[in-house]
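Worksheet: the structure to be examined is printed underneath.
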There are 2 protein chains.
Amino acid sequence: MSAHMSPEEFRRHGRQVVDWIADYLAEVESHPVRSRAEPGEVRRALPDAAPEHGEPFEAVLADVERIILPGLTHWQHPSFFGYFPANTSGPAILGDLLSAGLGVQGMMWVTSPACTELETVVVDWLAGLLGLPGRFRTDGPGGGVIQDSASSASLIALLAALHRASGGRVAAEGLRGRHTLYVSSQTHSALEKAARIAGLGSANVRVVDVDPGTLAMDPAALRALLARDRAEGAVPAMVCATVGTTATTAVDPVAAIGEVCREHGVWLHVDAAYAGVAAICPELRGLNDGVAEYADSYATNPHKWLLTTFDCGLLWVGDRAPLLGALSVLPEFLRNAASAGGSVVDYRDWQVPLGRRFRALKLWAVLRWYGAEGLRAHIRAGVALAAELADRVAADPEFVLFERPRLGLVCFRPAWPGLPAEDADRATLRLMETLNAGGALFLTHARAGGRVVLRMAIGGTATERRHVEQAWDHVRREHSALKVLMR
Amino acid sequence: MSAHMSPEEFRRHGRQVVDWIADYLAEVESHPVRSRAEPGEVRRALPDAAPEHGEPFEAVLADVERIILPGLTHWQHPSFFGYFPANTSGPAILGDLLSAGLGVQGMMWVTSPACTELETVVVDWLAGLLGLPGRFRTDGPGGGVIQDSASSASLIALLAALHRASGGRVAAEGLRGRHTLYVSSQTHSALEKAARIAGLGSANVRVVDVDPGTLAMDPAALRALLARDRAEGAVPAMVCATVGTTATTAVDPVAAIGEVCREHGVWLHVDAAYAGVAAICPELRGLNDGVAEYADSYATNPHKWLLTTFDCGLLWVGDRAPLLGALSVLPEFLRNAASAGGSVVDYRDWQVPLGRRFRALKLWAVLRWYGAEGLRAHIRAGVALAAELADRVAADPEFVLFERPRLGLVCFRPAWPGLPAEDADRATLRLMETLNAGGALFLTHARAGGRVVLRMAIGGTATERRHVEQAWDHVRREHSALKVLMR
């Protein structure tokens, strides 16, 4: 304490932490999924000021157990079905640990060549596993990169798109005139955030109609909106098609949208943050129809459903030139022979921050531990459990299944016969709150077809059939109890 | 393999990795500091495609040793003096390991309350330790947040500044008219990158003159430039003052710059990425003169010199309203009672990405293990070693010391008597290349006062007096050898 932790002390405390995590993962089911902490409760349990004198590491671990754990919503609980999965896994945790221990910076090739080259290797490996086109490979005109999230990937894609749309002028001159971004009502809010960050403003995020049944973007509506905006003098910068929307995993028709983009010379970004990794299974590769022919950029997150601890979002571009044009700034202190020679990749120019952790290690560890077949087995297990749950929901007259799931997300709602839609939606949210407060499972909601639906996203690392079955039993039981209460 | 790693397998492999890191940290001096890998060498040593079948974890560890290690530049080597330190430390590594093992998401309070509240606690603790003003505390009008880097912090500050400068219109309408950002020639390139990302363009990054001796920004020149730009119709959005520039740790006169900002109603961001943490020592707190009175935002990186493994950059704002105005987008799937009630912080609105790791754990572990006195001892050790080295350089007629270091960075160059400046600069770079190729130490260069200087940044976690002394011996020896060669 107060002195540096020696390698031998690190060895001892490291084993304590490894044991603690192993125990946590083995017993995670014993916790209520959603934290029961009240606002301010964790904060009040901690001192107002940092300690003056160092403390033993055991004191930190004891407070993790006593103060932090009760304040957590346990995303690794096998009955966590909220949002989308945020898979962690043994090999990913250990890959991340190696990264922290090595403590190298991968901002440029020269600052730690293996950090850059292993990243190139794993993003190319994954492009191969997902069947992405050759131009996305680093030995082609484009390449892939690890981002912290699909939000950042969307922003980077938009910046590259603006660069291309402006003929390269935006980097020097800034935005001039009206630039527009095309999304649907189902597109992730990260795109609106990206448009704000890039200076377009929310008003220039143009919302294209969706098919009211499938919630997929309507290419004809996109065509009409693009034509109208251009006639009014706007410069369309990018269209974002989504493969697997956040609300319901709707899949936009990428090929048809791509045709429209091609007609208008607009950048097509495909946001497959959740669903994209499923293309590792040949039978699900149809999700990506049109990507090979039309996409200028493509994003998917191994930190959601592919067992790689957050943060590990992947972004590929078909042409790296506009991306580098948008983001490369070379000050004196970063000049070096390798970069000047042009024979290396400097990933600092592919992202917002300059510094970079060695994130490729965890993805590499996952790909090697599981192998392609192990990753396919994980995806298929989630898809199968979702299909089984959907069967149960569909067979129950008390519930309405939103649609047959293609992936791991099941959306449904109680029928609430006799209740007006608005009251029924309130009752559905009340059911969700009761379920989440109970602690046995956690789920979230969305709006689909104008109605509140409950979302059960299946695909946690530890989730098995019994957890899904127990969750469904809970939903039915609480629903029955609520019906009695509401009589 | 191919199946999930069980908690017991994780326990076993986790110990292997902990042991491997402990051994690495104990023996890191045995490696050449800079990697000797040629471009493509690591990549060629790895297979072209991901394995179909899973492999034992030992295979990954063996390849880390065989393929990755030789491709690393060892930032934790005690003779790494390049760029700025990127401290890792035992408690930080273990805090990060806990974060990976828990695998929770801190995008909103409700998604894991302790993740948010511990972050609030540690940023407030650090604000106290650094003597930052009360408005930067979370219980004031502003607050602090952990970012991945000072680059991202600069971007976030710029977005908040643009929001304020536009009266809140930019979020909806986008940038209209000419917005300008003020830096000096010594400001980090992250600011130009931020201006590009935010849509201002490099041309609207206005470079204010510096004092040719100290390389600090000239407030009078700033005042004149601001007045001229406003007269020409520009809307000045932000001024960035730097406390501890990247090239030479120059300190801009924050108070005088702040006066100018106040006259013109312009947002003042203080980038103290490297130097800011030194204010934990009362005798160095003068670095931050003017911050309490004038700064709208302030950034410093515990992942540089404060023993907290990358990524851990801190950003404080004096008023969180423009930041939230710039970045908050609330889609249906993120609506929840706690956020709607306004009693909690949702850090997703304080950053580019939506998702967030539990980064507060590593900073908390560092603050508790070392205590304030341990952190001060680390900073003071670096400052003292830099002063000793500067004495040696100043006393050696063969070398020119750029200036007396106030912190941990020593800038100097060989005198090369008789050589024209351009040839001398080339010779200095050649000396650096020879030193770095030798593997015994690593340093980088900058341009200061029109000349190439060598930078030795002292402050690595494992750096002791002997490493600095050996480095200086190496510099003198290689310099003598080069002089003979060049005769």
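Options B:His74, B:Glu332, B:Arg335 differ in how many heavy-atom pairs under 4.5 Å they form with chain A, and the most are formed by B:Glu332. Comparing A:Ala195, A:Gly82, A:Ala326 by how many heavy-atom pairs each has under 4.5 Å with chain B, the most go to A:Ala326. Listed options A:Glu192, A:Arg34, A:Gln147, A:Glu433 were ranked by heavy-atom pairs under 4.5 angstrom with chain B; first place goes to A:Glu192. No other option in B:Ala45, B:Gly71, B:Ala365 has as many heavy-atom pairs under 4.5 Å with chain A as B:Gly71. Comparing A:Leu129, A:Leu155, A:Leu367, A:Asp148 by heavy-atom pairs within less than 4.5 Å of chain B, the highest count is held by A:Asp148. Of the listed residues (A:Gln16, A:His179, A:His188, A:Arg178), the greatest number of heavy-atom pairs within a distance under 4.5 Å of chain B belongs to A:His188. Comparing B:Ala203, B:Gly14, B:Pro51 by how many heavy-atom pairs each has under 4.5 Å with chain A, the most go to B:Pro51. Contact tally against chain A (heavy-atom pairs below 4.5 Å) for B:Leu46, B:Val122, B:Leu307: the top residue is B:Leu46. With chain B as the partner, the residue from A:Gly341, A:Ala337, A:Pro47 showing the most heavy-atom pairs under 4.5 Å is A:Pro47. With respect to chain A, the highest number of heavy-atom pairs below 4.5 Å among B:Ala26, B:Gly101, B:Ala92 belongs to B:Gly101. Taking chain B as the reference chain and counting heavy-atom pairs below 4.5 Å, the highest number among A:Pro353, A:Gly355, A:Ser189 is found for A:Pro353. Of all the listed residues (B:Asn336, B:Leu25, B:Val352, B:Thr88), the one sharing the greatest number of non-hydrogen pairs under 4.5 Å with chain A is B:Val352.
Both the backbone and the side chain of A:Asp63 have a heavy atom closer than 4.5 Å to some heavy atom of chain B. Both the backbone and the side chain of B:Phe310 come within less than 4.5 Å of a heavy atom of chain A. Within the 4.5 angstrom heavy-atom criterion, atoms from both the backbone and the side chain of B:Ile68 approach chain A. Only the side chain of B:Thr309 comes within less than 4.5 Å of a heavy atom of chain A; its backbone N, CA, C and O stay farther away. Heavy-atom distances place no part of A:Leu126 under 4.5 Å from chain B, backbone and side chain included. Contact of B:Asp311 with chain A is made through backbone and side chain together, with heavy-atom distances under 4.5 Å. Of the two parts of A:Arg356, only the backbone, made up of N, CA, C and O, holds a non-hydrogen atom closer than 4.5 Å to a non-hydrogen atom of chain B. In this structure, the portions of B:Ala171 lying under 4.5 Å from any heavy atom of chain A include both its backbone and its side chain. Contacts of B:Ile197 with chain A are made by both backbone and side-chain atoms, with heavy-atom separations under 4.5 Å. Proximity to chain A is limited to the side chain of B:Ser149, based on heavy atoms less than 4.5 angstrom apart. Residue B:Ser202 touches chain A through both its backbone and its side chain, counting heavy-atom pairs closer than 4.5 Å. When heavy atoms are compared at a cutoff of 4.5 Å, B:Leu162 does not approach chain A at all. With a 4.5 angstrom heavy-atom cutoff, B:Val170 touches chain A only via backbone atoms. Of the two parts of A:Ser328, only the backbone, made up of N, CA, C and O, holds a non-hydrogen atom closer than 4.5 Å to a non-hydrogen atom of chain B. Using a 4.5 Å cut-off between heavy atoms, B:Asp48 contacts chain A through its backbone alone, with no side-chain atom that close. For a residue to count as touching a neighbouring chain, one of its non-hydrogen atoms must lie under 4.5 Å from one of that chain's; by this rule B:Val452 does not touch chain A. Using a 4.5 Å cut-off between heavy atoms, B:Ser99 makes no contact with chain A at all. Heavy atoms closer than 4.5 Å to chain A are found nowhere in B:Leu330, neither backbone nor side chain.
Side chain of A:Ser112 to main chain of A:Gln105: no donor-acceptor pair is present (N/O by atom type, distance under 3.5 Å, no hydrogens or angles). Side-chain atoms of B:Glu117 come within 3.5 Å of backbone N or O of A:Val42 as a donor-acceptor pair. Of the possible donor and acceptor atoms, one in the side chain of B:Asp124 sits under 3.5 Å from a partner among the backbone N and O of B:Thr138. Side-chain atoms of B:Gln76 come within 3.5 Å of backbone atoms of B:Ala86 as a donor-acceptor pair (strictly under, hydrogens ignored). When atom types are taken as modelled, the side chain of B:Trp75 and the backbone of A:Thr111 share a donor-acceptor pair closer than 3.5 angstrom.
Side-chain contact of A:Tyr370 with B:His53: a donor-acceptor pair under 3.5 Å is absent, judged by distance alone. A donor-acceptor contact under 3.5 angstrom links the side chains of A:Arg455 and A:Thr444, judged on distance only.
Note that CG of B:Leu97 is 8.0 Å distant from CG of A:Leu94, once rounded to the nearest 0.5 Å.
Using cut-offs of 30° and 60° on the angle between ring planes, the pair A:His378 and B:His4 is perpendicular. By the 30° and 60° cut-offs, the orientation of the rings of B:Tyr83 relative to A:Phe333 is perpendicular.
Minimum interatomic distance between A:Leu159 and A:Ala198 (heavy atoms only, all atoms of both residues): CD2-CB, 4.1 Å. Taking all atoms of both residues into account, the shortest heavy-atom contact from A:Ser151 to B:Leu354 is OG-N, 3.3 Å. In terms of heavy-atom proximity, A:Pro331 sits nearest to A:Arg348 at CD-NH1, 4.5 Å. Residues A:Phe10 and B:Val18 share a closest heavy-atom pair of CE2-O, 3.7 Å.
Between A:Trp369 and B:His13, the gap from one ring centroid to the other is short of 6.0 Å.
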**OP:** Quick one: do B:Asp19 and A:Arg15 satisfy side-chain contact (heavy atoms from CB on, under 4.5 Å)? Show the steps, please.
**Re:** CA-CA 9 Å; B:Asp19 283 346; A:Arg15 286 169 176 223; 2.7 Å; yes
Original post:
Yes or no on salt bridge (charged side-chain N to carboxylate O under 4.0 Å, His left out) for A:Arg12 and A:Glu9, after CA distance, side-chain angles and deciding distance?
Top reply: CA-CA 5 Å; A:Arg12 186 162 70 82; A:Glu9 288 173 313; 5.7 Å; no
